[in-house]
Amino acid sequence: MVKRHIYIIACGGTIAGAAGTADDLTGYTAGAVAVEDLIAAVPQLSETAFIEGEQFCSIDSSDMTEELWLRLAQRVQTIADIDDIDGIVITHGTDTMEETAYFLSLTVHTEIPVILTGAMRPATAISADGPLNLLEAVQTAAWPESSRYGVLIAMNGTLQAPRFVEKTDTTHVDTFRSRQMGCLGFIQDGRPWFYQMPVQLYNQTSCFSCAGLKELPKVGIVYGYVGMDGAVLDAMAAAGARAVVVAGLGHGRMPAAIWKKAQQLMERGIYIIRASRVLGGIVTAVPEYDGTICANTLTPQKAKILMQLILLRTQDKREIQDFFQLY
Ligand code: SIN
């Protein structure tokens with residue numbers, strides 16, 4: 001295969017984490033290792049592709065912000081638009097990787113592969129998973145067919161779609177799963193193998209863009225539980241939220257007192273989005289929650305991202321609901 005040109009954008013995370021001892025798998029500093037050293041630690045990268053690296057930020061991904069997302073999406077778009085770049089790999093902390101990946105899958109328009117990867121064990125660990133994840137991400141980015149799938153997460157030998165993937169284990173390397181839908185494919189013998197494709201819109205077919213944007217509309221999330229306090233909804237309204245995603249009970253339900261509060265917010269023009277704290281299934285419209293928007297199968301954190309982008313395009317409830325069917 002012709003050697004391709006892969007651009008690595010490093011954002012920190014455990015893949016760049018450093019601990020005092022090789023057996024310390026939790027008490028490390030994320031984002032401590034520079035992109036040059038990540039690349040130098042995997043000599044096989046340069047056998048696979050021409051590699052260029054850039055340190056975009058060096059953070060624990062818990063510190064990812066919407067402002068950084070906007071800058072990252074704009075940067076990825078700029079790099080993707082350079083003629084001789086064939087693929088992009090983004091190294092990123094795993095804690096918010098699924099959110100960043102979903103945001104990029106909605107806002108970057110490119111026909112080259114954009115692959116996110118990271119690690120569950122720091123670079124200093126015995127059996128660190130970062131080097132192989134990085135190599136497999138580069139192998140995927142260098143494989144032309146990968147571009148058909150838009151932004152992907154490559155972790156632990158699997159390829160996952162941002163729309164469906166979730167971090168499912170706090171510490172194990174086999175953490176990224178797309179629960180009911182399954183992964184899109186695997187990486188083996190130096191190349192990706194694909195088996196299915198999402199039908200939702202992403203990347204080239206997405207209508208969203210964040211070109212020139214400095215901030216996103218404010219959308220909050222509240223979590224449903226027994227004894228849930230409606231004060232959090234008031235607090236979100238006071239903080240200027242344009243919409244609130246309720247990670248509801250079961251099929252996006254909420255205690256009666258919370259529903260009453262939610263209706264008061266809707267009367268003030270704040271959208272209420274019904275998602276679920278349940279780990280699978282769809283949230284659909286029911287007469288009881290008339291006036292709300294349904295998150296479909298999106299997790300609350302991804303429903304929030306989609307709603308932020310939708311609010312840049314429409315305020316119409318029917319159109320908003322249609323977007324939740326399409327994306
Ligand atoms: C982070 O998300 O930056 C820390 C955890 C990880 O990368 O696994």
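Numbering of ligands and ligand atoms starts at 1, following listing order. Starting from 1, each residue takes its place in the sequence as its number.
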Does anything in residues 131-152 pair up under ring-ring contact (aromatic ring centres under 6.0 Å, His included), and if so which pairs, sequence neighbours excluded? Y149-F194
Sequence neighbours left out, what passes side-chain hydrogen bond (donor to acceptor under 3.5 Å, both in side chains) with S178? Give chain and number order. Q160
Provide, line by line, the atom pairs where ligand 1 and the protein bring an N/O atom each to a distance under 3.5 Å; else say none.
| unit_1 | atom_1 | unit_2 | atom_2 | d |
| --- | --- | --- | --- | --- |
| ligand 1 | 2 (O) | S61 | OG | 2.6 |
| ligand 1 | 2 (O) | T94 | N | 3.2 |
| ligand 1 | 2 (O) | D95 | N | 3.0 |
| ligand 1 | 3 (O) | D60 | OD1 | 3.3 |
| ligand 1 | 3 (O) | S61 | N | 2.6 |
| ligand 1 | 7 (O) | T14 | N | 3.0 |
| ligand 1 | 7 (O) | T14 | OG1 | 2.9 |
| ligand 1 | 7 (O) | T94 | N | 2.9 |
| ligand 1 | 8 (O) | T14 | OG1 | 3.0 |
| ligand 1 | 8 (O) | T94 | OG1 | 2.4 |
| ligand 1 | 8 (O) | A119 | O | 3.2 |

E319 vs R313, salt bridge (charged side-chain N to carboxylate O under 4.0 Å, His left out): CA-CA, chis, key distance, verdict: CA-CA 10 Å; E319 285 177 16; R313 297 186 65 93; over 6 Å; no
Any chance you could measure T299, atom OG1, to E98, atom CD, to the nearest 0.5 Å? 6.0 Å
W69 vs F103 aromatic rings, parallel, tilted or perpendicular, using cut-offs 30° and 60°? parallel
Residues that Y289 engages under ring-ring contact (aromatic ring centres under 6.0 Å, His included), provided they are two or more places apart: W259
